[in-house]
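To keep things clear, I will list the structure first and then write my remarks on it.
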Amino acid sequence: MKTRRTSWWSWLWAILGALYFFVPMYGTLDFSLKMERDKIGLLAYETVLSDPAFVSSFAFSLQMAVITILVSVALFVPTVYWIHLRLPKLRPVVELITLLPFIIPTIVLVFGLIRTFSRRPFLLTLTPLGTDVLLIAGYVILSMPYMYRAVDVGLRAIDVHTLTEAALSLGASWPDVILRVIVPNLRVAILSGALITFATVIGELILADFLVRPALGPYMVVIGEARAYEPAALGILSFGLTWAAMGLIQYFARGDAGRQLTVR
Amino acid sequence: MARLARTQSVTPLVRNTPRWSWDWLGVVPFFLFIFAFLLMPSGTLFLGAFQDGAGAWTIDNIVALNSPQIIKAYSLSLQVSLATSLVGGIFGFLVAYAITVGGTPGWLRSALLTFSGLAANFGGVPLAFAFIATVGRTGFVTALLKGLGLDLYEAGFSLYGFFGLTLAYTYFQFPLMVLTITPALDGLKREWREASANLGASSWEYWWHVALPILWPSILGTMILLFGSAFGAFATAQALTGGQILLVTILIGQQIRGDVLGNANLGYALALGMVVVMGICIAIYTILQRQTTRWLR
Amino acid sequence: MPFLQLSDITKHFGANVAVERFNLGVERGEFVTFLGPSGCGKTTVLRMVAGFEQPTAGQIVLNNRDITTLPPNQRKIGMVFQSYALFPHLTAADNVAFGLKLTKMPTAEIKARVAEMLDLVLLGKFGGRYPYQLSGGQQQRVALARALALQPDLLLLDEPLSALDAKVRAEVRDEIRRIQRRLNITTVFVTHDQEEALSISDRIVVMNQGAVEQEGPPFEIYNYPRTAFVAAFVGTLNRLAGHVVDATQGRVRLGDVTLQTEAPLPHSDGAKVTVMMRPEELRLITVDADVSGLNGNVLDATVEAISFLGAVVRLQVRTSLAPLTIDVFNERQLQLPAVGDQRRITVPPEACLVMTDA
């Protein structure tokens, strides 16, 4: 019968898809457990986790991720709210701008940042602090499409006008409106945006590498060139981290799963 | 009605003063940030692309892109992007077909969608590590196949070149296709299939004359997105080949580190070229996207 | 043998019985409507005729051809869907041409037929438009043209008007009927809207729970319902519970009132019955009007609510038996009572439908 043939064909592709997903995962896991000869063990993980360079680079990336999240929330939430409320005509312009990071590859962005900010009048690359400012700015740009989209979708779901009017008529000031009315209603959206930003920043290579900052991405490249088993362990750890971030997003915002989150 | 009600309710408190308003002040921080860290850096490159070393205007840099080294980098980048977007696109479409119209059970659908959400966001250096551990010289699959009498590397395969890169990129490309095309396949109305059968079409004719044409903008649009995504990628290629594969992104990276082209302004032109390619991709994608939303309104 | 003959059609979905031994013959050129609440099986029967569902048992014969197991694409049946189901990537003209192109008809002929069909549905100038550029009513007319282009033996209409606005609905309804008459095409129409069914059909098949309740012309279905379900589903109705006191004389006792109905009744004396009356058949008279010769079919009533509906004025009144609804035809000289006024209601014997309680 026809349905049987269709079903056979479907199963074939579904299984191939699942294999493409699992085989590299399994291969990496298998590899990461075989650092000691003829023995399954966690030695590769122990080596990585006890490496001071790993700890410091992870801590650095974590720190950058947190600052990036704070900056982008502080920058995007009021802006997108204001556009919804007062400047709807600006929306297409802002939407176009948030698409720009797709058009300008990260390697081009970092190229431009370095050339612009390593000469007068905007000299920033001479000090670590100045470079970190550039790094965070770059991260904010990279995660902008996702953060903007999350906040925009969140604001569409609530009636911004009515909420604002209700708050104002009850005697709230503008900061009150944003902090006590809008932000609490955007909790889920902001949280999803933050997790996406986290996933983007934590293993990012290009910006950190070319700005020469001690982040996790450049550390991984060094390890990848020098060692055999530790990279596999790092791969599994990153995978777990992505899984956790994705899982949390799906947990907080049911239904809006999927979508590509990180910038490559 | 709803629109009318809204305007009326908005007027008293949230109102634009007729002639002049200070509303625009609210978006100044955003635009300053974008100007400083996105527009100004891009502008530096774009203007630099049309200047010579002394700052005089010229199109020599654009002309100089026509050198064997740069042409080769662009063509390699285009080949890799084309290959992964085609392979990932077609494979992703078939998987999406299987879990939607194909009639596989529901648990398989949700499992594959969850995996796709994950894999589509798994890239960069760790992805390279995963493929080295799997099909690298001493990788799991390589060893497995060797045991079965097939030596991949004897047979001419190398993970550290074109094929390997295509294989690795497909890992995040095909799930991206699954995620974007599954809703489109779900959006095929049962009535379209029935109407076409009612008008005398066979199942094959339905797919050829109705389903595929309706899906076409989504399929093509997503493949273009995959193309752009591969074209701009750097980290996986760098980690997988140690910078040995000369893609445009890798070449730009080398230019940033040490002016391998021997002309700073030529490096800017190289970057401008990338942005032009990506811009064309996004423009086509936007047009196709508009087409689909209009049809399915 | 009728042009379309459905014999003992039965459809089970697992343990659910959707349609049970459905029998119907439709003559060539006839317009037959399946009327019933959602889930009554009317759409399932239609889909079995179209070939989208396989009957569990029974036979479908169209134009002397047994089509029971024929695939839908070989049945020569045109179908119009509730959701229009136009192909969004094709223009109106290309939608109409879709089936013709599959038959490998010469291009010139296709062009002529498409133009003819679009003219038929009054959309001659809209051939180049895409579905999203057409209103709901226009889309449904294109869908009709598409279904008719192949000159099918049978036209099936599955709630084609449900997605349209009230005004457009009446317009498209009349147009469907006009086109159906002109082409003399055998048509089966499915709807849950009794007004639609009454206005468009040659014959109505009222369905309930997978079976036929009653079939007949609209006039008969409305005025002579044979079951309580049909009476209640088609039109508005007043229901009063009581029992038969004299079957041969047709007298029924309702509370403290004895009503004279059309004699004789097929019930035994003392049988519990429900008496049903259409609102437009009750008459409102003033308290001092002469009621002699009305056999005592007079009820005292207090007016409780008045709604002006245009052509009719609908009154809600309280009586000693139960609240009643009365429709009075509107005219300029009409003396409308006020809420709270005392009036009397007369019940013509022939207005009473007497049904045995289930």
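Naming convention: chains lettered A, B, ... in sequence-line order (proteins, then strands); numbering from 1 in each chain.
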**Nearest-0.5 Å distance that lies between atom CG in Asp158(C) and atom CD in Glu194(B)** = 9.0 Å
**Request:** State, to 0.1 Å, how close Ala85(C) and Ala195(B) come at their nearest heavy-atom pair, and which atoms those are.
**Result:** O-CB, 4.1 Å
**Shortest non-hydrogen separation from Leu102(C) to Leu199(B) and the atoms involved** = CD1-O, 3.9 Å
**Request:** Please flag which part of Pro72(C) lies under 4.5 Å from any non-hydrogen atom of chain B: side chain, backbone, both or neither.
**Result:** both
**Item:** Trp216(B) atom CH2: more than 12 heavy-atom contacts under 6.0 Å
**Value:** no
**Prompt:** With a cut-off of 6.0 Å (strictly less than), are more than 12 heavy atoms of other residues, nucleotides or ligands near CZ of Arg178(C)?
**Reply:** yes
**Request:** Give a yes or no on whether Phe163(B) atom CZ has more than 12 heavy-atom contacts from other residues, nucleotides or ligands under 6.0 Å away.
**Result:** no
**Message:** Other residues, nucleotides and ligands only: do more than 12 of their heavy atoms fall within 6.0 Å of CZ on Phe35(B)?
**Reply:** no
**Asked** Once you round to the nearest 0.5 Å, how far does CD of Gln291(B) lie from OH of Tyr130(C)?
**Response** 7.0 Å
**Asked** For chain B, which residues from residues 44-67 of chain C lie under 4.5 Å away (heavy-atom distances)?
**Response** Arg47(C), Phe52(C)
**Asked** Where the side chain of His89(C) meets the backbone of Ala211(B), is there a donor-acceptor pair that is under 3.5 Å apart?
**Response** no
**Item:** Under 4.5 Å from a heavy atom of chain B, the part of Leu86(C) involved
**Value:** backbone
**Asked** Is it the backbone or the side chain of Glu205(B) that comes under 4.5 Å from a heavy atom of chain C, or both, or neither?
**Response** side chain
**Asked** Can you tell me how far OH of Tyr206(B) sits from CZ of Phe87(C), rounded to the nearest 0.5 angstrom?
**Response** 8.5 Å
**Message:** Using a 3.5 Å distance criterion without hydrogens, assess whether the side chain of Asn73(C) forms a donor-acceptor pair with backbone atoms of Ala201(B).
**Reply:** yes
